[in-house]
Amino acid sequence: MPLIEVKNLKKTFQSGEATIRAVDDVSFSVEEGEFVAITGRSGSGKSTLLYQLGLLDTPTSGEIHIGGVDVLTLESDGRTDFRLRDLGYVFQDYANLPSLTALENVMLPLLMQGYTEEEATKKATNALARVGLQDRLDNLPSQLSGGQQQRVAIARAIGHDPKILFADEPTANLDTETSETVLKAFLDLHKDGQTILMVTHEPEYAELTERIMVLADGKLVSDKKTAKH
């Protein structure tokens with residue numbers, strides 16, 4: 001059974017009298033451990049699709065099954081619990097709290113999920129080590145480069161060992177060299193078996209993944225393995 005199964009997913013918005021089909025009857029599946037890039041022009045529906053899959057928004061119609069769970073039938077509290085337990089998110093904005101160290105930023109959601117301070121410290125330390133920041137545990141965000149801050153955000157997203165890591169334009173605010181460092185962190189996680197869905201408008205970064213899905217006007221117009229796979 002695929003880890004993610006999407007059937008006839010639609011998300012529409014009203015703009016005056018016009019109906020905008022941001023996600024237009026999209027169906028696909030993702031196997032556990034895949035690294036998938038979602039690409040397309042600005043306004044093609046990439047981020048909207050990711051928000052539906054990550055349970056950050058509710059589609060107009062369709063089905064999403066994750067790990068065999070029909071997640072759209074979950075009540076609000078159940079959906080929140082599912083997000084906290086099974087999903088991780090990385091956005092363009094690093095969203096690190098400026099008064100907390102790297103370690104504390106990664107620990108915070110773990111403590112909110114009910115881990116003890118000892119457990120949260122261990123998990124956060126391991127997560128930061130996985131993205132190459134084991135020597136930056138006590139640094140504040142102001143003492144870190146943009147790439148390092150984004151890697152703190154990745155560590156925060158994987159601290160609880162999520163089934164799926166969602167990344168929305170994670171290199172949008174970074175220069176080329178720093179972007180490559182962040183992409184390497186994702187590739188290393190993928191080698192360890194992490195399932196990743198990443199929205200990107202950079203073709204060269206999409207090619208580093210193993211599969212590229214292309215959206216146009218809300219429709220899935222291409223879905224193929226990359227040359228490396």
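No side-chain heavy atom of T209 sits under 4.5 Å from any side-chain heavy atom of V36. With a 4.5 Å cut-off on side-chain heavy atoms, L183 and M198 count as touching. Using a 4.5 Å cut-off on side-chain heavy atoms (C-beta onward), Y51 and D168 make contact. When side chains are defined from C-beta on, L197 counts as touching L53, because their heavy atoms get closer than 4.5 Å. At least one side-chain heavy atom of T125 sits less than 4.5 Å from a side-chain heavy atom of T121.
Tracing side-chain contacts under 4.5 Å through hydrophobic residues (I, L, V, M, F, W, Y), one reaches I154 starting from L187; they form part of the same cluster.
Here the straight-line distance linking atom CG of L215 with atom OG of S222 works out to 10.0 Å at 0.5 Å rounding. One finds the CD atom of Q52 at 7.5 Å from the OG1 atom of T58 (value rounded to the nearest 0.5 Å). Atom CG of L49 is separated from atom CD1 of I38 by 5.0 Å, given to the nearest 0.5 angstrom. Taking OG1 from T200 and CD from E207, the interatomic distance works out to 11.0 Å, rounded to the nearest 0.5 Å. Atom-to-atom distance recorded for L108:CG and R156:CZ is 9.0 Å, nearest 0.5 angstrom. Expressed to the nearest 0.5 Å, how far CD of E180 lies from CG of L174 amounts to 11.5 Å.
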- So V30 and L3, side chain to side chain contact (heavy atoms under 4.5 Å, CB included) or not? Walk me through it. CA-CA 6 Å; V30 175; L3 178 58; 5.6 Å; no
- Task: Show your reasoning for whether side chain to side chain contact (heavy atoms under 4.5 Å, CB included) applies to T19 and Q14.
- Result: CA-CA 5 Å; T19 299; Q14 288 300 128; 2.7 Å; yes
- Go through the steps to decide whether N139 and T101 satisfy the test side chain to side chain contact (heavy atoms under 4.5 Å, CB included), and finish with yes or no. CA-CA 5 Å; N139 286 86; T101 65; over 6 Å; no
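Side-chain atoms of Q150 come within 3.5 Å of backbone atoms of P170 as a donor-acceptor pair (strictly under, hydrogens ignored). Panel note: side chain S27, backbone N8; a donor-acceptor pair is recorded below 3.5 Å. Judged by distance alone, the side chain of R151 and the main-chain N or O of V182 form no donor-acceptor pair under 3.5 Å.
Other residues, nucleotides and ligands contribute over 12 non-hydrogen atoms within 6.0 Å of the CZ atom of R85. More than 12 heavy atoms of other shown residues, nucleotides or ligands fall within 6.0 angstrom of atom CG in D25. Heavy-atom contacts from other residues, nucleotides or ligands closer than 6.0 Å to CD of E117 number 12 or fewer. By the 6.0 Å contact criterion, CZ on R21 is open, its count of non-hydrogen atoms from other residues, nucleotides or ligands being 12 or less. No more than 12 heavy atoms of other residues, nucleotides or ligands lie within 6.0 Å of CG in D77, so this atom counts as exposed by the packing criterion.
The residue from K163, E32, E31 that alone fulfils the side-chain contact (heavy atoms from CB on, under 4.5 Å) condition with T195 is E32.
D223 has a carboxylate O that lies under 4.0 Å from a charged side-chain N of R211, or vice versa, which qualifies the two as a salt bridge.
Taking the six-membered ring for Trp and thresholds of 30 and 60 degrees, Y89 and F166 have nearly parallel ring planes, at less than 30 degrees apart.
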